[in-house]
Amino acid sequence: MPKIPQDFLQQEVKIDRSKALVLFSGGQDSATCLMWALDQFDHVETIGFDYRQRHLVELDVREEFLLLLRQDFAAWKSKLGDDHLIDLGGLASLGDTAMTHEVEFKANEDGLPNTFVPGRNIVFFTFAAALAYRRGCKHVVAGMCETDYSGYPDCRDDTIKSLQATLNLGMDARFVLHTPLMWVDKAETWQLAKNLGGDTAVKLITRSTHSCYLGDRSELKDWGYGCGNCPACVLRKNGWNKFQNSLHPLKR
Ligand code: ZN
């Protein structure tokens, strides 16, 4: 029977099962995932990506969100570790999408919205896993969702499961990729934030996260900032209204 190499055992010891890395973009979904991770794990770090997105407001609000999170939640402050911002400008150089260039939102010939950045989440997860490896985090958490999504194939549960297998094979690791929002809708995402951190969490997500594709932060509505009309705003607004008006199964 083959012997297990000694360095493999040492590497396993270095991976801390209580440490998580969260893909945190500054949007509602990843902010809720960050709260979920802070509830689940002992030490949580964050990673964000500058891929020359059309509006840098998401990157601005993520700093504000982390600051206020530490102010408002003492228990989470002690668990929240370093934030890592990675430059992925090469993604925008591959070609136009409505996420990185000033073009109209519409469906492409293949039926996918032109906000789809091919390969984006695969690249994000690969960089996140590489950082998790270096930081000794066993868990990687992200906000992909099949329920309300725009049809992006790299948000699908099968894509994430396949990535988990590939990343673990390629790095000889045992990462667990978590997507706590995969099967919930936007109303349930608001409710999850409330369950985790009460009205303070809902208020923080409302004011200090950003979803609008147009980067509009001119006026605070009850569901947050945004134009109210782009696909991301419509999802966020409709989810908020359903959260406010229905007796949701997750509601406590
Ligand atoms: Zn908008």
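Being a predicted model, the structure only gives us computed values, none of them experimental. Note that ligands are numbered from 1 as they come in the structure, with each ligand's atoms numbered from 1 the same way.
Under 3.5 Å, the side chains of Asp154 and Thr159 contain no donor-acceptor pair of N or O atoms.
Salt-bridge annotation for Arg135 and Asp82: present, with a side-chain N of the basic residue lying under 4.0 Å from a carboxylate O of the acidic one. A salt bridge links Asp87 with Arg52: the distance from a Lys NZ or Arg NE/NH1/NH2 to an Asp or Glu carboxylate oxygen falls below 4.0 Å.
Between Phe243 and Trp190, the ring planes lie parallel to each other; the angle is under 30°, not in the 30° to 60° tilted range. Between Phe49 and Phe124, the angle of the ring planes stays under 30°, which puts this pair in the parallel group of the 30/60° scheme.
In this structure the side chain of Arg62 reaches within 4.5 angstrom of the side chain of Phe24, judged on heavy atoms.
Neighbouring protein atoms of the Zn ion (ligand 1) (N, O or S, distance under 2.8 Å, waters ignored): Cys212 SG, Cys227 SG, Cys230 SG, Cys233 SG.
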